[in-house]
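Count residues from 1 along the sequence. Just so you know, ligand 1 is whichever comes first in the structure, and atom 1 is the first atom listed for that ligand.
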Amino acid sequence: MTTTAVTNSATVRRGTGESPLLGAEALPPSGHFINGEFRAGLGAETQTIVDPCTEATICEVSQGTADDVDAAVAAALEAKTAWGRTLPKKRSEILHAIADRLAENADMLARLEAWNTGKPLMVAEDDIAGSIDSFRFMAGAARATTSLAAGEYAEDHLSVIVREPLGVVGVVTPWNYPLLMAAWKIAPILAAGNTIVLKPSEQTPLTTLKFAELVADLLPAGVFNVVTGLGPVVGARLSEHPQVDMIALTGSVNSGRAVARGAAETIKRVHLELGGKAPVVIFADADLSAAAESLRAAGYWNSGQECGAGCRVLVHESVAERFTQLLVEQVRTLVVGEPTAGADVEIGPLISKAHYDRVLNHLERAKADGAKAALGGGALEGPGYFVAPTVLTDVPEGTACTLEEIFGPVVTVETFSTEEEAITRANAVPYGLAASAWTLNPQLGHDVASRLDAGTVWINSHLVLANEMPWAGFKSSGYGRDLSAYALDDYSRTKHVMHNKAR
Ligand code: NAD
């Protein structure tokens, strides 16, 4: 398949500078949030927080040390017994109060998130709405847990399953959805009766710190703690800490490996939500327009910095040309810009200079490997880390851009001839987070869903999530379950208590 190159059609719509997202007074207090209050870090180092649209400094944040982590863990340990004993009803009420507090501050939180990440307001608003709903769902689920029925399974012995909190849970979050990914952890971990020490991404700590400030009066001191800083320092200490009972990380596969290694010595539980490279398998009978329209969002939402992004299209050769045309037509209409440039902006910059360079390297390498940019294919005019929404076609099978996570606004289009080939190639990546298949044949849809090696499979859709349903990867994408009642299970331990009732 050969498609004529269209080059970069996008330009960056800039804000006027007249109405900034927020004033400096909206920034959270600096320092770590430990035992219910903000305190200065024990080390002198700070991290510069940068606006990815303008490359300007927003503020400085403490770079935590192992000693800061130890202080936070001590606070979480102190709080764990009392919090673990609160009744589900009480915890539920507190989670609802947190959701209410977030809802009251939703506009400010969305603006703060957009400032720190450069993401469009429509994306930031969706993040905050999802965060609020995470707390609401877990507030309900905490009161309605299910497990095996109590009963007599050995003669004269009554078995009862007790679900207990784990204790102190260490949490490490990424930069792509800073508050949302934190909420996906905090809500079930607190609902299950645990206390938390959380390390946000060193690039995007602002909404997590703001969250701590907003909910400080709602939670007992020590139940929720935040230590900012670098992964190999703060994250590593949390992974290794002998009094942390579980470490939960959302991030890249390499960070997952590091955390699992760190946790091995103390045999602590590990919960990993890692990278993805979701295939989108489009069969010859698919509704091509619907698929292209869906990928306009699913491939490019959050500038493609999305672990479940539909970024790897495998389309039947008989419809490949038509589908690519439809996709390019859709993607060409995406509005790129700063969050201050209007409510209709859909694509923002990448998070950092380092990530921008990584994505541009990927694009250069893909072209060297024979891929063609049917749309986009490079950087957009600065300042800021903007990359054009890109569709790569004529992508040779097995090249790096089809196997490695690019994590930018880039969708690759490959073709296949047979169903068998499509499934084999869809599964031929180390990741197994998400996948979709497009066909109007329901039997084929059911069959393909069972053969795709991914924790979430959509048929005739992509990237639609529900808080009631689990989000969890297979293979190198990790082994934790976020969202749903399964997350509550992951953050709990089950104890079997047997009563001898022989008389
Ligand atoms: P990252 O792995 O670079 O960083 C994630 C977090 O891990 C950060 O807080 C970082 O400081 C920390 N970290 C880094 N090294 C560490 C170490 N040695 N020990 C402990 N912590 C360490 O990931 P990122 O670039 O922030 O986020 C993007 C990645 O996250 C992508 O791979 C993406 O697919 C993945 N992600 C997955 C999901 C999911 O639900 N599966 C969701 C969002 C993002």
Identify the protein heavy atom lying closest to atom 11 (O) of ligand 1, giving its residue, its atom name and the separation to 0.1 Å. Glu202 OE1, 2.6 Å

At under 4.0 Å between heavy atoms, is it the side chain or the backbone of Gln305 that contacts ligand 1, or both, or neither? neither

For ligand 1, the portion of Val259 having any non-hydrogen atom under 4.0 Å away: side chain

Here the gap from Asn467 atom CG to Arg136 atom CZ, rounded to the nearest 0.5 Å, amounts to 12.0 Å

Looking only at N/O atoms, are Glu405 and ligand 1 under 3.5 Å apart anywhere? yes

If you compare all heavy atoms of Ala216 against all heavy atoms of Gly36, which two are closest, and at what distance to 0.1 Å? CB-O, 4.5 Å

Could you tell me which atoms of ligand 1, counted from 1 in the order shown, lie closer than 4.0 angstrom to a heavy atom of Ser201? 9 (O)

Looking at Gln63 and Glu45, would you say the former's side chain and the latter's main chain have a donor-acceptor pair under 3.5 Å? no

Atom 7 (O) of ligand 1: nearest protein contact (heavy atom, Å): Val172 CG1, 3.3 Å

Considering both backbone and side-chain atoms of Trp471, is one of its nitrogen or oxygen atoms within less than 3.5 Å of a nitrogen or oxygen in ligand 1? yes

Just going by heavy-atom distances, which of Ala260, Gly473, Gly276, Pro174 is nearest to atom 27 (O) of ligand 1? Pro174

Any N/O of Trp175 closer than 3.5 Å to an N/O of ligand 1? yes

Look at atom 23 (O) of ligand 1 and say which protein heavy atom is nearest, naming residue and atom and giving the distance to 0.1 Å. Ser252 N, 3.5 Å

Does the Thr195 side chain pair with the main chain of Val223, one donor and one acceptor, at a distance under 3.5 Å? no

For atom 14 (C) of ligand 1, which protein heavy atom lies nearest, and how many Å away is it? Ser255 OG, 3.2 Å

Apply the test salt bridge (Lys or Arg N to Asp or Glu O under 4.0 Å) to residues Arg296 and Glu293: give CA-CA distance (whole Å), side-chain angles for both, the deciding distance (0.1 Å), then the verdict. CA-CA 5 Å; Arg296 181 184 189 278; Glu293 199 178 325; over 6 Å; no

Name the closest protein heavy atom to atom 33 (C) of ligand 1, giving the residue it belongs to and the distance to 0.1 Å. Phe407 CZ, 3.2 Å

If we only count N/O pairs under 3.5 Å, is Ser239 in contact with ligand 1? no

Protein contact to atom 35 (C) of ligand 1 [nearest heavy atom, distance to 0.1 Å]: Gly251 O, 3.2 Å

Using a strict 4.0 Å cut-off to heavy atoms of Thr250, name the atoms of ligand 1 that fall inside it. 5 (C), 36 (N), 37 (C), 38 (C), 39 (C), 42 (C), 43 (C), 44 (C)

Is there any N or O on Tyr177 that sits under 3.5 Å from an N or O of ligand 1? no

With rounding to the nearest 0.5 Å, note down the distance linking CZ in Arg111 to CG in Asn116. 15.5 Å

Parallel, tilted or perpendicular: which fits the ring planes of Phe407 and Trp175, with parallel below 30° and perpendicular above 60°? perpendicular

For ligand 1, which atoms have a heavy atom of Ala236 less than 4.0 angstrom away? 19 (N), 20 (C)

Taking Asn427 for its side chain and Arg451 for its backbone only, find out whether a donor-acceptor pair lies under 3.5 Å. yes

Could you identify the single nearest non-hydrogen protein atom to atom 43 (C) of ligand 1 and state the distance to 0.1 Å? Asn176 ND2, 3.3 Å

So, does Trp83 use its side chain to make a donor-acceptor pair with the main chain of Asn194 at under 3.5 Å? yes

Is Ser477 near ligand 1, meaning one of its heavy atoms is under 4.0 Å from it? no

Lys/Arg-Asp/Glu bridge criterion (N-O < 4.0 Å) met for Asp68, Arg237: no

Ligand-side contact atoms (ligand 1) for residue partner Leu433, heavy atom cut-off under 4.0 Å: 41 (N)

As an exercise, identify every atom of ligand 1 less than 4.0 angstrom from a heavy atom of Met181. 42 (C), 43 (C)

In ligand 1, which numbered atoms sit nearer than 4.0 Å to a non-hydrogen atom of Glu273? 37 (C), 38 (C), 39 (C), 40 (O), 41 (N)

Could you note down all residue pairs passing ring pair (Phe, Tyr, Trp, His ring centres under 6.0 Å) where residues 34-53 supplies at least one of them, sequence neighbours left out? Phe33-Phe38

Determine whether a donor-acceptor pair (N or O, by modelled atom type, separation under 3.5 Å) exists between the side chain of His32 and the backbone of Ile34. no

Counting heavy atoms only, which of Gly231, Cys307, Pro232, Gly478 is nearest atom 42 (C) of ligand 1? Cys307

Backbone or side-chain N or O of Leu274 under 3.5 Å from ligand 1 N or O: yes

The closest protein heavy-atom partner of atom 9 (O) of ligand 1 is Thr173 O, 2.7 Å

Let me check something: any side-chain donor-acceptor pairs from residues 253-265 under 3.5 Å, sequence neighbours excluded? List them with distances.
unit_1, atom_1, unit_2, atom_2, d
Asn254, OD1, Arg257, NH1, 2.8
Ser255, OG, Ser252, OG, 3.2

CD/Glu78: more than 12 non-hydrogen atoms of other groups inside 6.0 Å: no

Side-chain (Lys268) to main-chain (His241) donor-acceptor, under 3.5 angstrom: yes

